[in-house]
Amino acid sequence: MSRYNFKDVEQKWQKAWDEKNCFQASEDFEKPKCYVLEMFPYPSGRIHMGHLRNYTIGDVIARFKRAMGFNVLHPMGWDAFGLPAENAAIAAGTHPGDWTYKNIDAMRDQFKPMGLSIDWNREIATCSPDYYKHEQKMFLDFLRAGLAYRKESWVNWDPQEHTVLANEQVIDGKGWRSGVPVERRKLNQWFLRITHYAEDLLEGLKELDRWPEKVRIMQENWIGRSQGAKVLFHVASSEGTDLSADIKDSLPESRLEVFTTRPDTLFGASFCALSPHHPVTTALAKHDPALREFIADCDRLGTSEEAIETAEKRGYKTYLRVAHPFIKDAFLPLYVANFVLMEYGTGAIFGCPAHDQRDLDFARKYDLPVQAVVAPKEEDPAAFTAHMAESKEAFTGDGLLINSDFLNGLTVQEAKITAISHLESQGDGEGRIEYRLRDWGVSRQRYWGCPIPIIHCPDCGIVPVPDSDLPVTLPEDVDFSEPGNPIARHPHWKYVKCPKCGKDSERETDTFDTFFESSWYFARFCSPKVEDKAFDAQAVDYWLPVDHYIGGIEHAVLHLLYSRFFTRALRDCGYLKISEPFAGLFTQGMVCHETYKSPDGQWISPDEIYRDDAGQWRQNKDDALISVGRSEKMSKSKKNVVDPTYIIESYGADASRLFMLSDSPPERDMEWTDSGIDGAWRYINRLWRLLSEPNTPIAEKNAPKPESFSENSETALKAIHKTIAGISEDLEKYHLNRAVARLRELTNSLSSLHGKEDPVGDGWVLRHGFEIISHLIAPMMPHLGEEIWTYLGHQDLVAQRPWPQADAQYLIEDTIEIAVQVNGKKKTTIQLPLDAQKEHAESVAMADAAIQRALKDKNIRKVIVVPNRIVNIVIG
RNA sequence: GCGGACGUGGCGGAAUCGGUAGACGCAGCAGACUUAAAAUCUGCCUCUCGCUUAGAGAGUGGGGGUUCAAGUCCCCCCGUCCGCACCA
């Protein structure tokens, strides 16, 4: 008996799996398949605890499904384009490519000791031209299909990273990576028409029943569908004079287009308002210095949360007015207002103060009429109208229409429909659905990304690079000594002849947003080696969709939405047949750790401190007391990180994996503790000791099964089979912490067998138990599983063996213990045969001493017996 | 403001077709082994009262309700966390 030597053991089995190609996905497309994928890592250079957790969870699922008989695809790749590589190039003078590939090698070396069941033959790196040439082709197909377009537009400019950000990458008005407030800039940008699929993306969410509700709701909110109407208002000047030419030009048919979700409230409208960036505003501002000043004021206001919260609703009254569509000769004043966004709807609104809080605030400030048009059912219309005329709170509830001519008496819902049909018959508008979702801007002014395969010709304009000239590869010789995009100033890379007319032209120097690569990599894994096309049709049809996609919640709207869009776009371009890339999604929690601060308020790392005899935390260098802060996500800035590689080297992969799976449910945040990893290591040793102890009476390999067992060994035998059934269910449901608890219970149960009363039975049950355990722990602790199996005299690999089946005869107990309650309070428990008659249960309960005591001198009103569950005696 | 999740011992968490609350582990305490320590093993470990035996009572954020029976279902409140946010 010796301490479990994880170093030798883990290396040995990793080599064995490798030599037998245990994890290579089979090309047999007849077998039932299971595609297990963790979100692929960015090659930062070092793995972190989040990776350890992510890949451990995924590996449990992959190994379990493989044992269940599925043909499992479990690949690994690298999300290899991105800014850190360029920043490293700027800081250290290395080439981004060298930096990236070096990091990939380093991280692969750190992943391998984890013992993951990955098919490394399918490894891909997205920065390789073999990969990105296919996405250049995809982009050109999107362009042909009208799913990609170029337009000049206001963009989110990150002044620190010198590049544009997508809306999804702006958090609280700041860049998602830099944290610097974004600026507005007008640039020519490539967009992907994700809005074309807004409805489909929303609809599709309903089918994703193996996605967390939370993620579905987040995507639903992000797409932000609102049903309403487009209303066209005739515009006139207040004095009745003709409109100037430039205003007319900015208005189609001299009419102002407004989007509303409340066409039912049109009779309560008291003003219209334009965005400061509306074309009409721009036209008016040309001749109006005061308006120009107002617009500049609006632009100065930040887009941050606090700024919006505290910002006053301000308006600038123009000399224009609009005609009410339903009331003859009635006009509404036209304002420019700071709260109207050009990005949403039509950039213009009508205001109905009585039924919208923001409109009411605005009306009170500028002294505009407040006319109630919806009243709660029980209210008197006249009284309610009078009340609303003075109210400071808008009424947004349901009710019946009042003061609204032909809409009077209708419900809000009916009034919406009626108002829209009136608008349509008058030609003044129509029903319309708006989405919050914007098209995806994919141009980035950076080097380390996939070049956009476009040539700008002075005569022909935008010319796609011919398919035969793909890939457009990045130039190797680039200079990072100046800020900005080095390919834009490369001496010759961008100068080419126009493929159409042969004239001197320039290449597009922008590269794709790196979310482009991660939007289709899961499909590339199905056939990573095909060169002439992105994927083999038969392979993607077989493997996709991904059955288990595992990663952090932070991609709920970014990567996961883009991938869903991309899959639809690829479907429509004939690349594949499915619409949804990920049938099952699992979002894991973060790995957290306590935080520590030294007396001078600096963050300090866990390995700079120790615990003194009194249990106080002190700093190593000067024994100063330190303050312990709350547990937070591991991050370099807070110095509360623990290096997984160090942990694997000290405790082994199995112990590290076990700790990742113990205690906390995988979807919840977990806390890293030293005692936790110690506990996992102790369990492994305990199990190994139990197995290898000389006085553990394990039966010989082919010992026959005894005819009968002692009560103890019978109990243990039942425990074994209940554990098989329990863990199988737990793994299906991602209840990994419970599966670990069950393993420990079974271990405890086996450790009570000493072979003293029933040497033959105990010995047989122990062997059986360890053989089963070797299989049950294999998804979580694969090396230990193999080692136990081999120790028991077997030659083959657990990794290639089927999952054990629970024997039904051991799942049933013939005696059960149930509780006896008096008035719903448990008084005692009794033993009963399974499925005992009610009368029998009642008489056993009544005979119990504790029940007798509780019932003394009391009236029994009734007795409730639920077979195999409970006896409840009601006294009065 | 809108949307969502969560709240159980000192801690992580079990238990949700309503039916024995606290599985499993961590920390802690006591003991065994040891010259000693580590490791290991055994026992205790929700709270209160109690002759510390027997037992009794309370208890799953707070309050109310449904029920023979509520951590679990319903209503109201409190708290924590997350997402979105001038979206017309």
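Below, chains carry the letters A, B, ... as their sequence lines are ordered, and counting in each starts from 1.
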Under the ring-ring contact (aromatic ring centres under 6.0 Å, His included) test, residues paired with [X] that sit two or more places apart:
X	result
A:Phe233	none
A:His735	none
A:Phe350	none
A:Phe271	A:Phe362

Using a heavy-atom distance cut-off of less than 4.0 Å, which residues of [range] contact RNA chain B?
range	result
residues 746-756 of chain A	A:Asn748
residues 259-274 of chain A	A:Phe259, A:Thr260, A:Thr261
residues 211-218 of chain A	A:Lys214, A:Ile217, A:Met218

Pairs where [range] contributes a residue and the test salt bridge (charged side-chain N to carboxylate O under 4.0 Å, His left out) is met, not counting sequence neighbours:
range	result
residues 337-364 of chain A	A:Arg184-A:Glu343
residues 721-736 of chain A	A:Lys65-A:Glu732, A:Lys722-A:Glu813, A:Glu729-A:Lys733, A:Asp730-A:Arg738, A:Asp730-A:Arg742
residues 255-266 of chain A	A:Glu253-A:Arg255, A:Arg255-A:Asp428, A:Glu257-A:Arg432, A:Arg262-A:Asp264

request  = Let me have RNA chain B in dot-bracket notation, would you? Count Watson-Crick plus G-U wobble pairs, both distances under 3.5 Å, and use [ ] for pairs crossing earlier ones and | for inter-strand partners.
outcome  = (((((((..(((......[....))).(((((.......))))).((((.....))))..(((((..]....))))))))))))....
key: Non-neighbouring partners of A:Ala741 that pass side chain to side chain contact (heavy atoms under 4.5 Å, CB included), sequence neighbours left out   = none
